[in-house]
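Order of appearance sets the numbers: ligands from 1, and atoms from 1 within every ligand.
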Amino acid sequence: MAIKTIIEPFRIKAVEPIRMTTPAERQAKIREAFYNVFLLHADDVLIDLLTDSGTGAMSSEQWAAVMRGDESYAGSRSYYRFEQSVKRLFPFKHIIPTHQGRAAERILFSVMCRPGHIVPNNAHFDTTRANIEYRGARAVDLPCRESHETGAPHPFKGNMDLEALERLLAAEGRAAVPLVLLTITNNSGGGQPVAMANVRQVSEICHRYGVPLYIDACRFAENAYFIKQREPGYENRSVAEIAQEFLSYADGCTMSAKKDGLANIGGFLATNDEDLSRQEKDLLILTEGYPTYGGLAGRDLEAIATGLEEVVHEDYLQYRIVSTEYLGRHISGEGVPIVQPPGGHAIYIDAAAFLPHVEPLRYPGIALAVEFYLEAGIRAVEIGSVMFGQHDRESGEETPAEHELLRLAIPRRVYTQSHIDYVVEAILEVWKRRERIGGYRITYQAPFLRHFTARFEPLGS
Ligand code: F0G
């Protein structure tokens with residue numbers, strides 16, 4: 001009989017101690033951080049689920065590759081190894097390294113977008129939306145209908161709404177829409193995958209209107225694994241082949257190697273368009289660096305090259321997806337409302353349903369983030385009205401986001417099952433006392449990407 005327990009497919013060679021704190025210390029620390037977990041010192045956090053970005057553990061092979069890094073300014077051996085490793089999965093002609101995903105976004109939108117342009121996506125993530133808006137263009141989300149109801153499961157809730165895309169392109173035309181993006185998996189909507197059929201259809205619609213399709217590929221390997229598990233016809237294809245197929249429907253991509261590159265820093269921009277790639281490289285030189293390093297050290301390029309080889313291993317992906325699901329199942333089984341089904345890189349708690357007595361503009365996601373920190377030193381991030389609500393600086397008027405979520409993102413290969421059991425227990429403790437948790441107000445905010453630096457105050461304080 002085959003063993004059913006799914007284990008971490010690695011053993012641990014270096015350990016990093018984490019620091020316990022007392023409830024009284026955490027009270028003081030969160031007050032000093034103005035109730036914004038981004039402003040905490042990481043040393044005061046016990047289990048850090050703020051993000052899965054750049055927070056993964058590298059393998060012994062990656063550390064060995066780091067030592068082989070070639071730090072030549074131009075034409076470094078490490079660049080060629082990086083390019084080869086990227087091209088094995090990403091079938092694009094031009095690969096431009098950048099220091100992380102948002103640098104690729106900024107360069108792409110600087111070259112392609114003008115004020116008044118519209119850029120559709122299944123769901124833009126924060127930096128993508130901000131970089132588009134910074135160019136004076138409009139970022140439009142076209143998530144599929146199934147994504148609106150957080151608690152209802154659907155295998156491919158990351159899909160784009162095809163009818164809405166067709167309508168938008170028919171109404172606005174190619175002149176107003178310089179490119180369409182597809183975020184794989186969709187980070188703002190629950191870490192949900194996009195089906196191969198959806199990528200194919202989005203690509204067909206875009207190309208019928210002469211509009212290029214770019215994929216935001218941060219979590220491409222997790223998306224490919226979900227397709228293998230859930231989409232008929234793909235069960236016997238390798239994850240690498242599945243990724244190659246959906247990327248082949250696009251004209252280019254942006255990538256943060258801090259996620260499925262299994263690296264602590266890095267990213268790239270890819271395109272099949274020679275003329276665009278030239279303009280992009282010119283911009284790259286201006287702020288990132290020469291095109292064979294793009295703001296990275298040779299050793300970083302080596303870590304990414306090896307990371308991209310490791311991330312498509314199916315025992316790794318099985319452990320990854322199953323361990324995220326484990327957290328989701330154990331809290332939702334006790335009644336905690338989460339986005340269903342569990343995402344690939346994170347569990348998203350529906351904070352509006354968890355705290356129905358806290359109105360959206362009293363920021364239930366912030367309230368829960370504070371409570372998880374106070375309860376057990378756990379750090380998670382609000383994905384709700386603070387991150388995605390509209391606020392008019394002049395009138396002070398605010399419109400809430402569609403959902404009030406709290407994301408628990410799981411760093412890759414970092415925490416063990418007992419860490420996750422601790423998180424489950426802490427969340428259930430907060431769940432028991434949910435009726436006594438109140439909302440917050442903002443006392444300071446920046447003009448864009450306000451969630452990173454905003455300050456809060458508990459209501460009634
Ligand atoms: N696109 C998506 C879908 C992302 O999730 C991120 C980053 C980026 C682009 C930007 O990449 O950080 O390398 O500049 N998401 C992180 C997160 C920060 O916590 O989800 P970057």
side-chain hydrogen bond (donor to acceptor under 3.5 Å, both in side chains) against Thr150, all qualifying residues, sequence neighbours excluded: Asp350
Out of the candidates Asn198, Val199, Asp216, only one should pair with Ile184 under the side-chain contact (heavy atoms from CB on, under 4.5 Å) rule; please name it. Val199
Are the aromatic ring centres of Tyr293 and Tyr79 under 6.0 angstrom apart? no
Quick one: list whatever passes side-chain hydrogen bond (donor to acceptor under 3.5 Å, both in side chains) with Tyr422, sequence neighbours left out. none
Not counting sequence neighbours, which residues clear side-chain hydrogen bond (donor to acceptor under 3.5 Å, both in side chains) with Asn264? List them please. none
Parallel, tilted or perpendicular, judged at 30° and 60°: which one describes the rings of Tyr35 and Tyr440? tilted
Every pair of nitrogen or oxygen atoms between ligand 1 and the protein that is under 3.5 angstrom apart - can you list them with their distances to 0.1 Å?
{"residue": "ligand 1", "atom": "1 (N)", "partner": "Asp216", "partner atom": "OD1", "Å": "3.3"}
{"residue": "ligand 1", "atom": "1 (N)", "partner": "Asp216", "partner atom": "OD2", "Å": "2.7"}
{"residue": "ligand 1", "atom": "5 (O)", "partner": "Asn187", "partner atom": "ND2", "Å": "2.8"}
{"residue": "ligand 1", "atom": "5 (O)", "partner": "Arg219", "partner atom": "NH1", "Å": "3.0"}
{"residue": "ligand 1", "atom": "11 (O)", "partner": "Lys259", "partner atom": "NZ", "Å": "3.2"}
{"residue": "ligand 1", "atom": "12 (O)", "partner": "Gln100", "partner atom": "NE2", "Å": "3.3"}
{"residue": "ligand 1", "atom": "12 (O)", "partner": "Arg102", "partner atom": "NH2", "Å": "2.9"}
{"residue": "ligand 1", "atom": "12 (O)", "partner": "Lys259", "partner atom": "NZ", "Å": "3.3"}
{"residue": "ligand 1", "atom": "13 (O)", "partner": "Gly101", "partner atom": "N", "Å": "2.8"}
{"residue": "ligand 1", "atom": "13 (O)", "partner": "Ser256", "partner atom": "OG", "Å": "2.7"}
{"residue": "ligand 1", "atom": "14 (O)", "partner": "Gln100", "partner atom": "NE2", "Å": "2.8"}
{"residue": "ligand 1", "atom": "14 (O)", "partner": "Gly101", "partner atom": "N", "Å": "3.3"}
{"residue": "ligand 1", "atom": "14 (O)", "partner": "Arg102", "partner atom": "N", "Å": "2.8"}
{"residue": "ligand 1", "atom": "14 (O)", "partner": "Arg102", "partner atom": "NE", "Å": "2.7"}
{"residue": "ligand 1", "atom": "15 (N)", "partner": "Lys259", "partner atom": "NZ", "Å": "3.0"}
{"residue": "ligand 1", "atom": "19 (O)", "partner": "Thr51", "partner atom": "OG1", "Å": "2.7"}
{"residue": "ligand 1", "atom": "19 (O)", "partner": "Arg407", "partner atom": "NH2", "Å": "2.7"}
{"residue": "ligand 1", "atom": "20 (O)", "partner": "Asn187", "partner atom": "ND2", "Å": "2.7"}
{"residue": "ligand 1", "atom": "20 (O)", "partner": "Arg219", "partner atom": "NH2", "Å": "3.3"}
{"residue": "ligand 1", "atom": "20 (O)", "partner": "Arg407", "partner atom": "NH1", "Å": "2.8"}
{"residue": "ligand 1", "atom": "20 (O)", "partner": "Arg407", "partner atom": "NH2", "Å": "3.4"}

